[in-house]
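Reviewing the structure listed below.
So you know, we letter chains A, B, ... as the sequences are listed, proteins then strands, and number each from 1.
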Amino acid sequence: MPTFGVIVFPGSNCDHDAYHALKHIMGVDTRFIFHKETDLGKVDGIVVPGGFSYGDYLRSGAIARFSPVMQAVSDFAAKGGPVIGICNGFQILLESGLLPGAMLHNEQLRFTCKQVYLKTEAFDTPFTSAIPKDTLLHIPVAHGEGNYYADETTLAQLEDQNQIVFRYVDADGNPTRESNPNGAVGNIAGICNAARNVVGMMPHPERAMETLLGSADGKYVFESVLQSF
Amino acid sequence: MFKAEINVTLRKSILDPKGKAAREALHQLGYHAIQDVRIGKYIELFVDAASETEAEQIARESCEKLLANEVMEDFVITLTKTN
Amino acid sequence: MFKAEINVTLRKSILDPKGKAAREALHQLGYHAIQDVRIGKYIELFVDAASETEAEQIARESCEKLLANEVMEDFVITLTKTN
Amino acid sequence: MNASTPQEPQVTLDLAKEHGLTEQEYQQICDYLGRVPTFTELGVYSVMWSEHCSYKNSIAVLKTLPRSGPQLLVDAGEENAGLVDIGDGLACAFKIESHNHPSAVEPYQGAATGVGGIHRDIFTMGARPVASLNSLRFGSLENPRVRYLLDGVVRGIADYGNAFGVPTVAGEVCFDESYEGNPLVNAMSVGIVKVGETASAIATGEGNPVIIVGSSTGRDGIHGATFASEEISEASESKRPSVQVGDPFMEKLLLEASLEALKTGAVVGMQDMGAAGIACSTSEMSAKGEAGMEIDLDKVPAREEGMTAYELLLSESQERMLVVAHKGREQEIIDVYKKWDLHAVVIGHVTNTGRVQYHKEGQLKADIPADSLVLGGGAPVYIRETRRPDYLDETMSFNPATVREERSLTELIYTLLKSPNIASKRWVYEQYDTMVRTNTVVGPGPSDAAVIRLKDSRKGLAVKTDCNGRYVYLNPRKGGQIAVVEAARNVVCAGGRPVAITNCLNFGNPYKPEMYWVFKEAVGGMGDACRMLQTPVTGGNVSFYNENPKGAVFPTPTIGMLGLVEDVEKHAMTASFKQEGDTILYVGAPRRGLGGSEYLSWCHKITAGDAPELDLIFEKSLQQATIEVIHKQLITAAHDLSDGGLAIAITEMAVFAGKGAHLDLS
């Protein structure tokens with residue numbers, strides 16, 4: 001039975017939601033790992049959750065990347081362990097160089113929280129293998145700095161190596177301007193690293209685990225990682 | 001053409017959570033020599049004005065009306081002629 | 001004691017939504033002479049260093065490690081001795 | 001102790017008046033102390049006896065409201081927030097408070113600190129905040145200053161709430177010229193705690209250490225309390241107090257640390273620091289425990305140099321709390337706060353003198369009987385003069401039928417849909433994180449109230465803030481009734497059974513007899529409805545002096561209604577039409593007349609006529625019947641008729657679902 005670790009930074013607030021999704025809905029052994037820890041202990045997968053680590057005061061995730069636990073997370077990732085960074089977690093993975101690129105303020109300069117459609121473009125990662133082909137995921141976003149940026153060369157590499165995992169699309173699956181909630185280049189909503197074991201995504205799959213709350217499409221992400229063991 | 005460089009800063013007595021968080025992070029990185037950090041806005045205005053005084057006035061009014069929040073912020077303008 | 005004044009700005013090639021919004025608002029206020037606005041961070045570091053070179057190094061490393069994100073931002077440091 | 005040390009100003013009646021105290025109040029202070037107060041003592045009394053802290057001009061009227069009930073674990077006013085038993089061993093703490101005046105001066109920080117303050121009132125009782133609501137009122141949107149205030153207030157609420165990690169799930173935004181220059185920013189927090197695990201704001205046990213935790217203290221918002229008790233005028237613009245700045249990141253640490261500290265069992269009592277900071281928390285906790293405190297202000301972590309005793313006591317720096325520990329176990333508490341990187345410093349201890357004594361640099365700066373300072377103790381209580389305002393004769397006699405109207409019904413509906421009071425508020429609530437904590441079953445938008453589920457239970461809470469200030473202006477008594485009834489109706493339409501309310505009473509200057517008559521009538525109306533619907537008042541806030549140079553704002557008793565949803569999956573209800581062919585039922589009394597309607601106000605710029613008819617007995621049975629059909633799962637949607645009446649209600653139900661409707665009005 002795999003064990004999952006959910007990292008807790010001062011200011012994380014989606015850590016409980018990720019824990020609830022894994023432990024109570026997927027029935028997986030899960031525990032919190034405080035940011036001051038330098039050893040992850042026995043763990044098979046890591047979630048770097050959403051929230052406002054250190055208040056997101058300088059840049060989202062800028063300070064969290066220096067927490068002691070992040071060195072352990074990078075070592076775990078280097079050894080091929082599955083790591084997913086959700087929203088603030090994605091920003092922390094970018095700031096720590098585990099994923100390429102950076103996040104700018106949303107183009108309309110406002111925090112935005114709503115359901116969006118996602119098109120999956122990479123099925124060969126530990127977090128997308130169980131997502132059914134040619135179906136759109138209906139998953140909420142909630143962020144103020146999700147405007148993904150990468151320079152030309154990085155962007156080209158992401159496209160060539162098929163490292164773009166999710167794109168914002170409209171109900172018909174087209175990556176239009178209106179369907180892009182923050183102005184991210186190429187409607188990019190999620191990417192993976194070259195080794196394909198680290199995924200970062202701005203939308204919150206842990207908030208789409210029950211139809212009672214609006215959508216259960218987020219379960220595919222967690223089903224994928226469980227199948228990867 | 002003139003370039004106005006404007007520094008907008010929180011008044012001294014006002015709490016600066018951003019600066020505090022950055023100072024504590026830098027201390028954790030070992031830079032204990034850093035006594036304080038304050039974070040404000042650096043604004044570049046490119047003004048097509050006839051004279052320096054006119055450019056200076058446009059920059060100052062822009063700060064008073066929009067770029068600085070008089071209730072809690074001060075601003076300093078440095079003007080340079082560009083071409 | 002030294003004071004490092006640091007301007008952190010978005011690289012020119014990157015769209016600056018805050019600057020764009022400020023420019024449009026200033027135009028609405030009638031300041032059409034303003035051609036462009038770019039908004040970045042103005043950071044003041046108060047460094048208790050033995051020498052100017054040491055203070056300069058602390059400031060630069062603080063920027064490289066934390067205060068600026070090299071992927072999208074540039075920074076300029078101006079150092080002054082305070083007491 | 002000599003009357004005043006060299007550097008402190010000599011206390012005179014004039015200085016007392018400058019602090020907002022009347023001659024009679026100053027004399028009473030001298031009697032309590034048996035001498036002329038020191039400058040620091042005068043400062044403490046002036047802020048503790050301000051309207052904001054003492055409720056001196058409202059407590060007598062508030063006492064007429066039903067304030068206890070079978071499900072209340074704590075009577076109104078006893079603790080920082082009301083506490084309602086919701087079954088399964090759980091209790092709900094909830095409260096609404098205003099931050100109107102700070103938001104008029106600096107909208108972003110004013111609103112942000114309003115959200116921070118109300119959440120602290122909840123977690124200081126040991127409850128974890130699970131939902132946040134707000135109620136906002138502004139002048140007309142044509143005015144650029146109003147657009148600036150709206151943008152700042154919404155951004156402040158969003159940035160603070162989103163970072164703090166509590167979903168903002170419901171609220172209202174209204175616009176009317178009467179709120180020009182004096183916006184209303186009311187913030188509400190709802191928290192959950194296991195029965196028996198609550199904390200009380202009490203100091204007992206001689207020798208028990210008193211600890212200040214959280215942010216360090218600066219000169220933020222000094223005179224914040226007295227400032228809220230003065231009208232906004234040109235004068236207050238110049239007396240710009242140094243603004244209170246909110247730090248949501250610090251508040252999140254304070255929340256987690258405080259709940260963890262309470263679990264150690266080493267905490268005797270805990271109180272958050274809001275208006276009047278250290279002075280208020282030390283004196284209120286002492287008075288409640290019939291104890292005293294010896295405080296050394298030198299120990300208070302200060303953010304600025306050379307702060308005097310006066311400034312340290314009155315400072316309203318945010319994100320701070322006072323904790324009284326069991327003697328010998330204070331280190332356990334300090335270690336918890338250190339784990340979360342927060343200050344936790346012993347600044348004194350509890351005594352049995354019943355007096356709060358504050359020392360600075362080895363000198364006793366203030367020595368005051370705690371009880372003499374507090375609401376319910378020595379703070380003054382006034383019964384103000386009332387007189388029915390003349391404007392009512394004119395507005396009541398207005399006959400809406402005399403208004404000529406050439407526009408077709410279709411044209412009118414389109415016009416009404418453009419009214420800011422009716423148009424979609426998506427631009428506002430999409431800036432709020434409405435989903436964090438994954439409990440939001442029904443969020444803002446197509447629903448009359450929000451529904452939050454309680455994890456590992458079938459139950460849920462239905463919550464809403466609501467008030468129609470125009471109705472209260474046109475008929476204070478009936479307007480007060482309608483405010484409660486409409487909030488209850490909203491909760492019922494979302495599948496909840498109304499249980500209890502909190503309220504934020506936004507009114508004008510209590511020293512104007514006409515204004516006080518309106519205040520008394522409105523509170524009377526609220527009492528009528530609360531008694532009928534059996535929804536007692538668990539506490540709240542009064543904000544007077546909501547006036548501006550042109551006149552008073554609409555009298556606005558904002559109601560925060562708490563409802564219980566028995567089974568979230570079966571009963572949570574929204575307002576959008578669900579399937580084609582569903583029958584549409586009009587339920588309730590026929591509404592007569594257009595007095596005080598949005599139609600008159602928006603389409604004709606008329607604010608006149610009487611508030612709509614209301615029969616409380618009929619209303620109670622209407623709500624009970626609606627709850628029953630929801631429990632029997634006979635209906636698929638429910639919506640309350642309010643602004644814009646039947647036409648707008650039906651339009652909204654259709655637009656929410658992208659469907660149409662066929663109606664026979666005969």
Is C:Glu70 close to chain A through its backbone or its side chain, or both, or neither, when contacts mean heavy atoms under 4.5 Å?
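Nothing of C:Glu70, per the 4.5 Å heavy-atom cut-off to chain A.
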Side chain, backbone, both or neither of C:Leu67 within contact of chain A (heavy atoms, under 4.5 Å):
both
Nearest 0.5 angstrom please: [X] [atom1] to [Y] [atom2], how far?
X        : Y        : atom1 : atom2 : value
A:Thr120 : A:Phe127 : OG1   : CZ    : 14.5 Å
A:Glu145 : A:Phe52  : CD    : CZ    : 8.5 Å
A:Leu104 : A:Asn147 : CG    : CG    : 5.0 Å
A:His138 : A:Ser215 : NE2   : OG    : 7.0 Å
A:Phe166 : A:Ile139 : CZ    : CD1   : 6.5 Å

Heavy-atom distance under 4.5 Å to chain C: side chain of [X], backbone, both or neither?
X       : answer
A:Leu58 : both
A:Glu95 : side chain
A:Ile63 : both

Among residues 170-197 of chain A, which residues come closer than 4.5 Å to chain C, judged by heavy atom distances?
none
Taking every heavy-atom pair that is under 4.5 Å apart, which of A:Arg59, A:His105, A:Glu107 has the most such pairs with chain C?
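When all of A:Arg59, A:His105, A:Glu107 are compared, A:Arg59 has the most.
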Taking it one step at a time, do C:Glu52 and C:Lys81 satisfy salt bridge (charged side-chain N to carboxylate O under 4.0 Å, His left out)?
CA-CA 8 Å; C:Glu52 181 155 340; C:Lys81 196 162 179 9; over 6 Å; no
Would you check if the side chain of A:Ser60 reaches a backbone N or O of A:Asp56 as a donor-acceptor pair within less than 3.5 Å?
no
Which residue pairs satisfy the ring pair (Phe, Tyr, Trp, His ring centres under 6.0 Å) criterion with at least one member in residues 59-90 of chain A, sequence neighbours excluded?
none
From the list C:Ala68, C:Ser13, C:Ala21, the residue making the most non-hydrogen contacts under 4.5 Å with chain A is C:Ala68
Name the member of C:Lys20, C:Lys18, C:Lys41 that forms the most heavy-atom pairs with chain A at distances under 4.5 Å.
C:Lys18
For a side chain to side chain donor-acceptor pair (under 3.5 Å) check, start with the C-alpha distance between A:Asp160 and A:Gln157, then their side-chain angles and the critical distance, and finish with the verdict.
CA-CA 5 Å; A:Asp160 297 346; A:Gln157 192 223 331; over 6 Å; no
Taking the six-membered ring for Trp, are C:His32 and C:His27 parallel (under 30°), tilted (30 to 60°) or perpendicular (over 60°)?
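Plane angle between 30° and 60°, so tilted.
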